[in-house]
Number of protein chains: 2
Amino acid sequence: MTTIKDVAQLARVSVSTVSRVINQNGYVERDTYNRVVAAMETLNYKPNAVARGLVIRKTATLGLIVPDVANPFFSDVARGVEDEAIENGYTVILCNTDWQVTREDMYIQLLRGRWVEGAIIVGNRAAPEFLMHQLEDVPFILVDSRPNQIVNAVWSNNLVGGRMATQHLIDNGCYRIVHISGPEGSPSALARREGFYQAVLSARNVQVSVVSGDFRFDGGYQAAVDLLKCRPHPNGIFAANDMMAIAVIQAANEMGIRIPEDVMLVGYDDITMARCVYPSLTTVAQPAYDMGRTASKLLITQLKHGVSDLQHVEFKPELKLRKSTERMS
Amino acid sequence: MTTIKDVAQLARVSVSTVSRVINQNGYVERDTYNRVVAAMETLNYKPNAVARGLVIRKTATLGLIVPDVANPFFSDVARGVEDEAIENGYTVILCNTDWQVTREDMYIQLLRGRWVEGAIIVGNRAAPEFLMHQLEDVPFILVDSRPNQIVNAVWSNNLVGGRMATQHLIDNGCYRIVHISGPEGSPSALARREGFYQAVLSARNVQVSVVSGDFRFDGGYQAAVDLLKCRPHPNGIFAANDMMAIAVIQAANEMGIRIPEDVMLVGYDDITMARCVYPSLTTVAQPAYDMGRTASKLLITQLKHGVSDLQHVEFKPELKLRKSTERMS
DNA sequence: TCGAGGTGTGAAAACGTTACCATATGATAA
DNA sequence: TTATCATATGGTAACGTTTTCACACCTCGA
């Protein structure tokens, strides 16, 4: 490992001078400059960000914590965050919690220990108060969280979304409706389920139940198989996200159950694939990329201009009608 | 920001003692220990990993660079890498290059500057020699790269895979075959294209062409629309990955072109969705999760037991036959 | 000729931590 | 009694940077 000292020695100058060359500040003679640059070149020297960070206490890095990168919604959010960050000279450290609270906590420690300048936490499981305590002086913003009055957040209204999805099933005549819920502890999953309850509560003659999923294909598949084995099986399913909804389609296909004739299906997220499956999936859309981008922008603004007021941005969910709930009459 | 000094002061001990408490080494009296722990608690003290890293030169962190987290293949690799890493006490910093060489380079600098102990680079665009130069003494392993004799690597044989996919189209009677290629600079895309050429070269009476895609849905969609507008349009398409293949399905659906009757289609990767689209997608499977996991394991073994011999692990691609190439006769 | 101010350079003190060495106390063995 | 050893703690030098201060040199105008 070559250090600034080695460079200084080879260039026959002090470390101060090398530092000045690296950071392009202070006076340094043309000749000296060239000598230093040449020395850095021959030694393949790269300044050590760890030591640098220790001194200047700036890292130009943002931390991004997501529950599951393999989920298209979250990876789109991540892309939005990253694009905005890079345009503003920040780099992004992405951490994947796999929906585990312990991993979330671990990565928060990691980020704080690495002195990220700000953090974006998507689908946080820990309470906002706890996060504030953990992150202490690191500004952060939540995405896809529950609305709350304590911290900055970007979210789409999952309560309304869940209600819309469910109401749509009811309006289409479904009367045995099942909700495949997201993982316990996911704020958006919780809100969607609440929306589901709100909708069915005001409906007449509707049998409902909720089974728990995990926002993953496999979990959704398992839930769907169990569900569709029942006699009589539900005639309306609201899956808490598209991955699970697509798993339902898969299971139904294999079991010879027709969608939408035998059972109608609504998903959530409107991932790209929702249009491509057969039958195409009715789903509640939320603008993942924009949400990420917005969160990133808000956080960066705060970093650049100091603390600001509490910022809340809400996106409106939108029901996309497709074949999986089309009436055949 | 509270430091070890603050803790020492509050607990009325020296920083050395606090350090001993934190790292659980050396002698420290029960009473002192408790006092220090209490002090850390009240101050909400978290050791600073930056400073720590500077001294002990170990970070227990791995760097993972992927071209596109939104691509299911890469996110599955990432999950594999991460699961293995965490089981071994490492945390993973994930970086997303968006297929841009500049970002890849930027993140390599970042990782090196942050003193990751090892790096896993997926679908590298830069040459291995360049990476060796850049990363210098940071051990690393390539995933989904070209086979080469210089660095450790885990890959599946994309050449054979590309050949298999193409041969399958030929065997099914396709005679106007188009390959939608992956992004320029992606090693696996390149190999698949070579496999394509090898297969068509040994075939008689086959018209071929190659158009370039980007491994993304949108790029594949655009390519597909252009392609299917031609008269006569191709009757066999080999898309370099499943995302683009699914985009082809989408485009074909919209244009009233039937798959497989009018045009047969093969993808690559066997992502979960490949089974769910209509028609289900014939594709070349590679075990993304296992590849990531293997790479991670290899790297960690090397880190723990010092330099080892050059390690190469090859996975065999496997053709999954589904409806998109089913003969209707 | 002198001082002011711009230019170029180096020494040394931070940053927050760990590791090593020194010192002190008490217990045990010769 | 004295030497040895385990236990407990503090002081201090690193780690690789940046930044501040100090000093030296040069040029220019009065």
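A note on names: the letters A, B, ... follow the listed sequences, proteins ahead of strands, and every chain is numbered from 1. From a predicted model like this one, the values you see are computed outputs, not experimental measurements.
- Spacing between atom CD of B/Gln9 and atom P of C/dG16 amounts to 13 Å, rounded to whole angstrom units.
- The CG-P distance, from A/Asp6 to D/dC15, rounds to 11 Å in whole Å.
- The separation between A/Asn34 atom CG and C/dG8 atom P is 13 Å, rounded to whole Å.
- In the set C/dG8, D/dG16, D/dG10, C/dG8 carries the atom at the smallest distance from any side-chain atom of A/Thr32.
- Annotation for A/Asp137: atom CG counts as buried by contact number, over 12 foreign heavy atoms lying within 6.0 Å.
- In this structure, OH of B/Tyr27 is placed 16 Å from C1' of C/dT23, rounded to the nearest angstrom.
- Straight-line distance from the CG atom of B/Leu43 to the P atom of C/dG16: 14 Å, rounded to whole Å.
- Here the C1' atom of nucleotide D/dG10 and the CD atom of B/Glu29 are 15 Å apart, to the nearest Å.
- Between B/Tyr33 and B/Trp115, the one whose closest nucleotide on DNA chain D sits nearer the 5' end is B/Tyr33.
- Closest approach of B/Ile108 and B/Ile121 over heavy atoms only: CD1-CD1, 4.4 Å.
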Please produce a list of atom pairs where a protein N or O lies less than 3.5 Å from an N or O of nucleotides 17-21 of chain C.
residue, atom, partner, partner atom, Å
C/dT17, OP1, B/Tyr45, OH, 2.6
C/dT17, OP1, B/Asn48, N, 3.0
C/dT17, OP2, B/Ile4, N, 2.3
C/dT18, OP1, B/Asn23, OD1, 3.3
C/dT18, OP1, B/Asn23, ND2, 3.0
C/dT18, OP1, B/Arg52, NE, 3.0
C/dT18, OP2, B/Ser19, OG, 2.9

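- Taking all atoms of both residues into account, the shortest heavy-atom contact from A/Val116 to A/Thr59 is CA-OG1, 3.8 Å.
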Using a cutoff of under 3.5 Å, can you pull out all pairs of nitrogen or oxygen atoms linking the protein to nucleotides 25-27 of chain C, with atom names and distances?
none

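- No salt bridge links B/Arg125 with B/Asp105; every basic N to acidic carboxylate O contact stays at or beyond 4.0 Å.
- For the pair A/Leu54 CG and C/dA13 P, the computed distance is 17 Å after rounding to whole Å.
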- Message: Go through it in stages, so that I can follow the logic: the residues are B/Thr61 and A/Arg114, the test is side chain to side chain donor-acceptor pair (under 3.5 Å), and I'd like the CA-CA distance, side-chain angles, deciding distance and then a yes or no.
- Response: CA-CA 11 Å; B/Thr61 310; A/Arg114 296 294 160 88; 2.5 Å; yes

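- A salt bridge links B/Asp83 and A/Arg103; the closest N-O separation between the charged side-chain nitrogens and carboxylate oxygens is under 4.0 Å.
- Within 4.0 Å (heavy atoms only), A/Val13 reaches sugar-phosphate atoms of the nucleic acid but no base atom.
- By the 30° and 60° cut-offs, the orientation of the rings of B/Phe74 relative to B/Phe215 is tilted.
- In this model, the phosphate group of C/dT9 is not approached by any side-chain N or O of A/Thr17 to a distance below 4.0 Å at OP1 or OP2.
- Of the options B/Ser188, B/Ser156, B/Ser186, a side-chain hydrogen bond (donor to acceptor under 3.5 Å, both in side chains) to B/Asp144 is made by B/Ser188 and by none of the others.
- Shown here for B/Val92 and B/Ala85, the closest heavy-atom pair between the two residues is CG2-CB, 3.6 Å.
- Note: CZ (B/Arg30) to P (D/dT9) measures 13 Å, nearest angstrom.
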